[in-house]
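Computed over heavy atoms, backbone and side chain alike; hydrogens, waters and symmetry mates excluded. Remember, it's a predicted structure, so these values are computed and weren't measured experimentally.
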Amino acid sequence: MNTLNTLPEPAVSERTAAPTPLIELKGVTKVYGQGQAEFQALKGIDLRIEQGDFVAVMGPSGSGKSTAMNILGCLDSPTAGAYLFRGMHVEQLSRNQRALLRRHYLGFVFQGFNLLARTTALENVELPLVYRGEPRSVRQTRALAALDAVGLKPWAKHTPGELSGGQQQRVAIARAIVTDPTILLADEPTGNLDSQRSHEIMELLVQLNRERGITILMVTHEPEMVRYVRRVVHFIDGRVDTDHRHGESR
């Protein structure tokens with residue numbers, strides 16, 4: 001991670017060792033509250049994600065999946081255990097360093113789209129580049145390219161209110177990929193869409209995963225969406241209950 005000199009260098013695996021995974025959680029726990037109000041959301045999670053994977057994270061409410069995703073997205077920190085990103089201990093980073101990691105390596109897609117209502121699709125997609133301090137000409141060029149990648153370049157000047165739900169989610173995905181992230185974290189990306197639009201969004205995510213090599217972690221409650229992914233991790237009671245790829249299990 002030498003593009004950000006304010007972040008420590010990741011660990012380098014020896015040639016004889018197994019390749020360093022993109023993400024690894026080791027014995028991660030998360031506790032909220034104290035005393036009688038204490039709640040253990042995660043109870044020793046071990047999880048390994050390789051570069052280029054497409055993972056669906058599933059489980060009932062309160063199972064710990066959202067807590068795990070918040071930790072992976074650097075929106076929260078574990079109470080104990082280790083979170084490694086390319087061998088670098090994320091749990092040891094400062095708040096500012098975690099913000100840099102989010103800004104340069106992670107993209108986020110939400111169920112509710114989270115678009116600014118009074119700004120155009122182009123301006124919404126530009127936002128992550130504004131935070132990075134990119135000049136306007138660079139922002140517009142890259143935002144238009146991102147909109148083109150999701151099939152919405154002709155709608156660049158339209159506001160969210162002039163777009164369908166599926167189109168709004170495509171704008172949100174364009175915003176997430178405009179920074180060329182290593183990882184895309186998607187929280188119920190089809191939750192507010194009808195069946196046809198849901199499948200269109202999943203096909204788009206598959207395309208981004210295959211053609212751009214973006215690693216995708218997606219929380220979903222919809223079993224029919226699982227057929228698009230390569231791997232399913234199921235949480236129950238703060239633990240990983242099952243972790244399987246299509247056609248295999250463990």
Scan the side chains in residues 125-140 for donor-acceptor partners under 3.5 Å anywhere in the protein, sequence neighbours excluded, and list what turns up.
| from | atom 1 | to | atom 2 | distance (Å) |
| --- | --- | --- | --- | --- |
| Glu126 | OE1 | Arg139 | NE | 3.1 |
| Arg139 | NH1 | Glu134 | O | 2.9 |

- request: Evaluate the side-chain proximity of Gln169 to Glu200: yes if any heavy-atom separation is below 4.5 Å, no if none is.
  value: no
- prompt: Do the side chains of Ser195 and Glu224 get nearer than 4.5 Å, heavy atoms only?
  reply: no
Heavy-atom pair of closest approach, residues [X] and [Y]:
X	Y	result
Gly87	Thr20	N-CG2, 3.5 Å
Leu42	Gly64	CD2-O, 3.4 Å
Gly238	Ile45	O-CD1, 3.3 Å
Leu122	Ala143	CD1-CB, 3.5 Å
Arg197	Asp194	N-OD1, 2.8 Å
Ala176	Pro181	O-CG, 3.3 Å

For the atom pair [atom1] ([X]) and [atom2] ([Y]), what is the distance rounded to the nearest 0.5 Å?
X	Y	atom1	atom2	answer
Gln207	Ile214	CD	CD1	10.5 Å
Leu184	Ile173	CG	CD1	7.0 Å
Glu24	His89	CD	NE2	9.0 Å
Asp241	Met58	CG	CE	12.5 Å
Ile177	Arg142	CD1	CZ	10.5 Å
Arg48	Leu22	CZ	CG	10.5 Å

query: Taking only residues at least two apart or on different chains, which pairs with a member in residues 181-190 satisfy side chain to side chain donor-acceptor pair (under 3.5 Å)?
result: Glu188-His221, Thr190-Glu222
- request: Could you note down all residue pairs passing ring pair (Phe, Tyr, Trp, His ring centres under 6.0 Å) where residues 37-64 supplies at least one of them, sequence neighbours left out?
  value: none
query: Does anything in residues 174-216 pair up under ring pair (Phe, Tyr, Trp, His ring centres under 6.0 Å), and if so which pairs, sequence neighbours excluded?
result: His199-Tyr228
By side-chain hydrogen bond (donor to acceptor under 3.5 Å, both in side chains) - contacts of [X] (at least two apart):
X	answer
Asp237	none
Arg230	Asn209
Gln36	none

Donor-acceptor pairs are to be reported for all side-chain atoms of residues 106-118 against protein atoms at under 3.5 Å, with residues two or more places apart or in another chain.
| from | atom 1 | to | atom 2 | distance (Å) |
| --- | --- | --- | --- | --- |
| Gln111 | NE2 | Asn192 | OD1 | 3.1 |

Under 3.5 Å, is there a donor-acceptor pair between the side chain of [X] and the main chain of [Y]?
X	Y	answer
Thr79	Val31	yes
Arg102	Cys74	yes
Glu91	Ala82	no
Glu162	Thr159	yes
Tyr105	Ile183	no
Asp46	Gly27	yes

message: Counting only heavy atoms from other residues, nucleotides and ligands, does the tally under 6.0 Å from NZ of Lys26 exceed 12?
response: no
message: Other residues, nucleotides and ligands only: do more than 12 of their heavy atoms fall within 6.0 Å of CD on Glu38?
response: yes
field: From Val226, Val229, Val57, residue fulfilling side chain to side chain contact (heavy atoms under 4.5 Å, CB included) relative to Met218
entry: Val229
Side-chain donor-acceptor pairs under 3.5 Å in residues 148-156, sequence neighbours left out?
none

query: Excluding sequence neighbours, so at least two apart, what forms salt bridge (Lys or Arg N to Asp or Glu O under 4.0 Å) with Arg212?
result: Asp180
- request: Could you note down all residue pairs passing salt bridge (Lys or Arg N to Asp or Glu O under 4.0 Å) where residues 53-80 supplies at least one of them, sequence neighbours left out?
  value: Lys30-Asp76, Asp53-Arg231, Asp53-Arg245
query: Got a sec, which residues hit side chain to side chain contact (heavy atoms under 4.5 Å, CB included) with Ala80, two or more places apart in sequence or on another chain?
result: Thr29
